[in-house]
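Not measured: the values here are computed from a predicted model.
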Amino acid sequence: MQEQTIIIADDHPLFRDALRQAVIGMEGRQSIVEAGDFAAARRAAGAHADADLMLLDLAMPGVSGFSGLMALRSEFASLPIVIVSATDDATTIRRALELGASGFISKSAGIEDIRRSIQTVLAGDIATPESYRDGQEQDPDVADLIHRLHTLTPQQSRVLTMLGEGLLNKQIAYELGVSEATIKAHVSAILLKLDVDSRTQAVIQLGKINMAMVA
């Protein structure tokens, strides 16, 4: 059996260890890469382009809520990401899945449940807690916003998350290796697609996705 590469991104060493124990208890051979903050998680994803799965804490240093998931989904489209969080209400789970997560694991789950969820996603399916019942987004404004976010190109999604981090156009241009004029064009397209008039309003819209979360 081919070795599987799993990235564990969580800022709590004890929980990273719990996830590691779940992974190494599975059949086959696993290579585990650990990251303690969002920047390290992004570097790990970039350094391991063939990774089979990332387990991503929803509340990590260096990122706010779903912004991390959105950033990684736009930058590493082929990497399955499973959200791991202590905030496991139905709204949080549903929004994670709508924003591209391949599964959701509650931090209250036992080792065997965590292992089963990981194996489910590695097999190509979506993993959610047994108690989760799918439903419609209760906030029509958020439902509309998620629909609009899906219309963004991967590069536009990256620019939006960087706007959310407070970066200026020239900083974003430097990070992405493009011209400032290109970033201005992306920002204009983002404002149009989100139906807002300024980058500040775009960031406020992005923040609405996280309002249901408690950290």
Side-chain angles (χ1 to χ4, degrees), residues 7-12 16 33-51 54-85 87 92 95-96 98-101 141-142 144-215:
I7 301 172
I8 298 175
D10 193 293
D11 61 315
H12 294 95
R16 281 206 309 273
V33 180
E34 296 189 27
D37 58 39
F38 184 71
R42 178 179 261 160
R43 287 195 300 271
H48 300 274
D50 59 345
M54 175 183 282
L55 299 170
L56 178 68
D57 185 5
L58 201 52
M60 291 185 73
V63 73
S64 174
F66 292 113
S67 298
L69 171 62
M70 292 174 58
L72 292 170
R73 279 266 50 83
S74 62
E75 194 168 352
F76 307 103
S78 63
L79 174 63
I81 299 174
V82 174
I83 290 298
V84 182
S85 179
T87 304
T92 299
R95 290 183 184 177
E98 288 175 341
L99 291 170
D141 290 337
V142 171
D144 178 66
L145 175 57
I146 290 175
H147 172 73
R148 290 177 182 276
L149 289 171
H150 281 305
T151 69
L152 300 179
T153 66
Q155 193 77 323
Q156 288 166 0
S157 293
R158 290 184 69 186
V159 171
L160 177 59
T161 58
M162 289 179 172
L163 291 178
E165 294 167 10
L167 298 184
L168 302 175
N169 284 357
K170 61 181 180 182
Q171 293 172 309
I172 298 174
Y174 175 78
E175 289 291 331
L176 298 183
V178 298
S179 69
E180 192 170 346
T182 297
I183 298 305
K184 288 180 179 178
H186 281 318
V187 172
S188 295
I190 290 167
L191 300 186
L192 182 64
K193 289 181 177 182
L194 296 187
D195 193 26
V196 294
D197 299 321
S198 69
R199 54 196 290 146
T200 299
Q201 290 180 354
V203 172
I204 290 172
Q205 289 292 94
L206 187 61
K208 287 182 179 179
I209 297 290
N210 299 324
M211 286 181 66
M213 293 178 51
V214 180

Minimum heavy-atom distance between Ala51 and Ile7, given as atom pair plus value: CB-CD1, 3.9 Å
Residue list, salt bridge (charged side-chain N to carboxylate O under 4.0 Å, His left out) with Asp37, at least two apart or on another chain: none
Val159 vs Ile190, side-chain contact (heavy atoms from CB on, under 4.5 Å): CA-CA, chis, key distance, verdict: CA-CA 9 Å; Val159 171; Ile190 290 167; 3.8 Å; yes
Spatial distance of atom CD (Gln156) from atom CG (Leu192) [nearest 0.5 Å]: 9.5 Å
Residues Asp195, Asp144; criterion side-chain contact (heavy atoms from CB on, under 4.5 Å); working and verdict: CA-CA 11 Å; Asp195 193 26; Asp144 178 66; over 6 Å; no
Nearest non-hydrogen partners of Arg199 and Leu167, listed with the distance: NH2-O, 3.0 Å
Gap separating the CD1 atom of Ile81 from the CD1 atom of Ile83, nearest 0.5 angstrom: 7.0 Å
Contact check, side chains of Leu176 and Met162, non-hydrogen atoms, under 4.5 Å: yes
Atom pair CG (Leu72) and CE (Met54), whose distance is rounded to the nearest 0.5 Å: 5.0 Å
Smallest separation among heavy atoms of Pro80 and Ser78, with atom names: CD-O, 3.2 Å
Check: Lys193 side chain, Thr151 main-chain N or O, donor-acceptor pair, under 3.5 Å: yes
Considering all heavy atoms, the nearest Leu99-Arg73 contact: O-CG, 3.8 Å
Enclosure of His150 NE2 (heavy-atom neighbours >12, cutoff 6.0 Å): yes
Rounded distance (nearest 0.5 Å) linking atom OG of Ser67 with atom CG of Leu160: 7.5 Å
Distance (rounded to the nearest 0.5 Å) between Asp141 CG and Ile146 CD1: 11.5 Å
Ion pair Glu180/Lys170, N-O distance below 4.0 Å: no
Worked check of side-chain contact (heavy atoms from CB on, under 4.5 Å) between Val178 and His186: CA-CA 11 Å; Val178 298; His186 281 318; 5.7 Å; no
Stepwise side-chain contact (heavy atoms from CB on, under 4.5 Å) test for Asp11 and Asp57: CA-CA 8 Å; Asp11 61 315; Asp57 185 5; 3.0 Å; yes
Nearest-0.5 Å distance, OG of residue Ser85 to CE of residue Met60: 12.0 Å
Closest non-hydrogen atom pair, Ser74 against Ala71: OG-O, 2.8 Å
pair Asp10-Leu55: side-chain heavy atoms closer than 4.5 Å: no
Backbone N/O of Asp197 and side chain of Gln201: donor-acceptor pair under 3.5 Å: yes
Minimum-distance pair of heavy atoms, taken over all atoms of Ile172 and Ile183: CG2-CD1, 3.7 Å
Lys184 backbone acceptor or donor facing Ser188 side chain under 3.5 Å: yes
For Glu165, all residues meeting salt bridge (charged side-chain N to carboxylate O under 4.0 Å, His left out), sequence neighbours excluded: none
Side-chain heavy atoms of Met70 within contact of Leu206, under 4.5 Å: yes
